[in-house]
Amino acid sequence: MPAYAVIGAQWGDEGKGKIIDFLAENAAIIARYSGGNNAGHTVINDAGTFKLHLVPSGICWPHTMNVIGNGVVVDPEVLLKEISENKLDPSRLAVSDRAHLIMPYHIVLDKLEEAKRGDAAIGTTGRGVGPAYVDKVSRQGLRVGELLDPEDLALRLPEIVAFKNEIITKIYGGEPVDLDDIFALINKWASDLAPYIRPVENLIADALDNDGKVIVEGAQGALLDLDHGTYPFVTSSNPTVGGTLTGLGMGPRSYGGVAGVYKAYCTRVGAGPFPTELHGEEAEQIRVQAGEFGTTTGRARRIGWFDGVAGRYSARVNGFDAMIITKLDILDGWDEIKVCVAYEIDGVRTDQFPVDAATLDRAKPIYETIQGWTESTRAITKPEQLNDGARAYIKKLEELVGVPTKILSTGPRREETLVLEDFLA
Ligand code: GDP
Ligand code: IMO
Ligand code: MG
């Protein structure tokens, strides 16, 4: 049985969690491969409302193993809280021994670095994600598996903490972190997390060998990708499909499908170019109606019309073979809906997405106006319930993105989903 990836196609918060929970029923494994607890995935079903930051969105199904891959950065405090809140035992959750740890000094540094950037701040989630990846790349990181050898950690940690404290105090004028406090945390993490720590690439390979379905859960979105996103206004990992291979330890031939999750309009949290951004009443109407406030930080999300130029770019850098459109219901009742079909940059029309942030900042969206619909799409589950206006809108998005739609989401709850074609077939 192959693997299937479900990847954010815009700037995050596309509704990945809702879709994964819907798809996970018969999956052997749901696996996160990138990011950390900068993610916030909302899952709503008969068991309740779950706001997940680290654990994958398969936890509501009893037979699903949830995996946190080596590409993820793990704050054990957050993970242990999610484990206890959701009563997850090691038969339901595995954490890669090679995932890097988000340490208290990473969180301090994330905030200090942002403050220092002033007007050029990225608007990070302040969870220490960027600084943890910096340490991973500069080979100064600590890995989850090292918690199993606290004696070795005890030898290394004083030097690392002393170095970080020099940066915190001397460069940023911040308050140093306390070594003893960190030792106490590490001892707690070591005993509480030990049963969950495993080489997860074996779990995935075994599942695939034994006909188990593996669903790979994206965090963030393609336009926040460190390489393919709107650098420097990006996250510090690779949410795009390439990140799934390095972040889990699996090969490309495992894939049966790669889907991009697209919101029917666009949102972005944090700073950075956003060509179709709306200001004023229209944005406020969508924000309030759709509850567009960050799951992780509570920040108001920026709102814009669907961006077909960015959407097509995202499909190409990921090789999507399916589009999953969420929050269609939010567009119910609009007289007219705009869709960006091209940009005008320095007086020249283009349908190419400029990844350079300064150029993208100058992009003026060229819109096509689509007739809205009065009928409600909320909670519809059958193709024949889809009205002509919504159908035409979806067709337009497919034409722009260049990928067929397989699933439509018509509400936040698991059952508010319309399958046009089986993505897991
Ligand atoms: P994720 O980070 O991609 O998992 O997305 P978030 O959970 O951060 O944000 C998506 C929000 O939209 C959540 O509050 C979901 O409950 C909600 N949601 C998801 N799909 C739909 C939908 O089709 N319609 C509506 N109205 N809400 C949705
Ligand atoms: P999910 O998985 C939306 C954004 C931050 C900021 C930038 C860098 O819920 O879709 P970071 O803390 O990662 O260094 O911040 O990335 N960002 C997200 N935006 N959804 C997310 O995750 C995000 N994760 C990070 O707002 O602009
Ligand atoms: Mg989110």
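Keep in mind that what you see is a predicted model, and the values were worked out from it rather than measured.
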* Structure fact -> Looking only at heavy atoms, the pair that brings Ile29 and Ala207 closest together is CD1-CB, 3.7 Å

* Asked: Thinking salt bridges, do Glu201 and Arg98 make one under a 4.0 Å N-O criterion?
  -> yes

* Does the side chain of Gln140 pick up a donor-acceptor pair with the side chain of Ser138 at under 3.5 Å? -> yes

* Asked: So, do Tyr33 and Leu245 sit near enough that their side-chain heavy atoms are less than 4.5 Å apart?
  -> no

* To do: Look at Asp21 together with Lys16 and state whether they make a salt bridge at an N to O cut-off of under 4.0 Å.
  => no

* With a 4.5 Å heavy-atom cut-off, do Leu224 and Phe233 have their side chains touching? -> no

* Which value, rounded to the nearest 0.5 Å, describes the distance between Thr410 atom OG1 and Ile325 atom CD1? -> 12.5 Å

* Structure fact -> Rounding to 0.5 Å, atoms CD (Glu166) and CZ (Phe163) come to a distance of 7.5 Å

* To do: Give a yes or no answer on whether the side chain of Asp329 reaches the backbone of Thr377 with a donor-acceptor pair at less than 3.5 Å.
  => no

* Identified salt bridge (charged side-chain N to carboxylate O under 4.0 Å, His left out) counterpart of Arg302 within the set Glu277, Glu292, Glu284 -> Glu277

* To do: Side-chain contact test, heavy atoms from C-beta onward, threshold under 4.5 Å: evaluate it for Met323 versus Lys406 and give yes or no.
  => no

* To do: Would you mind telling me which of Thr240, Thr235, Asn318 makes a side chain to side chain donor-acceptor pair (under 3.5 Å) with Asp225?
  => Thr240

* Taking C-beta and beyond as the side chain, do Leu226 and Ser237 meet within less than 4.5 Å on heavy atoms? -> no

* To do: Determine, for Lys396 against Glu399, whether the closest basic-nitrogen to carboxylate-oxygen distance falls under 4.0 angstrom.
  => yes

* 4.5 Å side-chain heavy-atom contact, Ile330 and Leu328 -> no

* Asked: Rounded to the nearest 0.5 Å, what separation is found between the CG atom of Leu142 and the CD1 atom of Ile160?
  -> 4.5 Å

* Once you round to the nearest 0.5 Å, how far does OG1 of Thr276 lie from OH of Tyr343? -> 7.0 Å

* Would you say the side chain of Asn86 lies within less than 4.5 Å of the side chain of Leu52, judging by non-hydrogen atoms? -> yes

* **Distance-only polar pair, side chains of Thr230 and Arg268, donor-acceptor under 3.5 Å** => yes

* To do: I would like to know whether Arg127 and Thr125 meet side chain to side chain donor-acceptor pair (under 3.5 Å); could you show each step before the answer?
  => CA-CA 5 Å; Arg127 300 299 193 263; Thr125 57; 5.3 Å; no

* To do: Check Thr417, Thr326, Thr42 against Lys18 for a side chain to side chain donor-acceptor pair (under 3.5 Å) and give me the one that passes.
  => Thr417

* Asked: Side chains of Leu386 and Ile394: does their closest heavy-atom pair fall under 4.5 Å?
  -> yes

* Ala194 versus Leu148, closest heavy-atom pair with distance -> CB-CD2, 3.8 Å

* Would you call Lys188-Glu77 a salt bridge at under 4.0 Å N-O? -> yes

* **Donor-acceptor side-chain pairing of Asp110 and Thr124 below 3.5 angstrom** => yes

* Side chain Glu14, main chain Lys263, donor-acceptor under 3.5 Å -> no

* Asked: Is the centre of the Phe423 ring less than 6.0 Å from the centre of the Tyr4 ring?
  -> yes

* **Cation over ring face, Lys338 and Tyr367, 6.0 Å, 45°** => yes

* Hey, are the side chains of Pro76 and Leu101 touching, using non-hydrogen atoms and a 4.5 Å cut-off? -> yes

* To do: Before giving the answer on side chain to side chain contact (heavy atoms under 4.5 Å, CB included), spell out for Phe50 and Glu85 the whole-Å C-alpha distance, their side-chain angles and the decisive distance to 0.1 Å.
  => CA-CA 10 Å; Phe50 303 81; Glu85 278 173 3; over 6 Å; no

* What's the shortest heavy-atom distance between Leu109 and Tyr172, and which atoms? -> CD2-CE1, 4.0 Å

* Structure fact -> Rounding to 0.5 Å, atoms OG1 (Thr359) and CZ (Phe353) come to a distance of 10.5 Å

* Structure fact -> Minimal heavy-atom distance between Pro2 and Gly256, with the atoms involved, is CB-N, 3.4 Å

* **N/O donor-acceptor pair under 3.5 Å between Tyr133 side chain and Gly35 backbone** => yes

* Asked: Taking NZ, NE, NH1 and NH2 as the nitrogens, is one of them in Arg117 or Glu114 under 4.0 Å from a carboxylate oxygen of the other?
  -> yes

* **Heavy-atom donor-acceptor pair, Arg143 side chain to Leu147 backbone, under 3.5 Å** => no

* Asked: Between Leu157 and Met103, what is the shortest heavy-atom contact and its length?
  -> CD1-CE, 4.4 Å

* To do: Just say parallel, tilted or perpendicular for the rings of Phe320 and Tyr262, cut-offs at 30° and 60°.
  => perpendicular

* Structure fact -> Between Arg301 and Val269, the two heavy atoms sitting closest are CG-CG2, 3.6 Å

* To do: Look at the rings of Trp11 and Phe274 and say which category their plane angle falls in: under 30° parallel, 30 to 60° tilted, over 60° perpendicular.
  => tilted

* Criterion side chain to side chain donor-acceptor pair (under 3.5 Å) on Asp135 and His100, from CA distance to verdict -> CA-CA 9 Å; Asp135 274 2; His100 277 247; over 6 Å; no

* Value rounded to 0.5 Å, distance of CD in Gln385 from CG in Leu408 -> 11.5 Å

* **Glu217 and His41 side chains, donor-acceptor separation under 3.5 Å** => yes

* Please check if the side chain of Tyr105 supplies one atom and the backbone of Ile168 the other of a donor-acceptor pair under 3.5 Å. => no

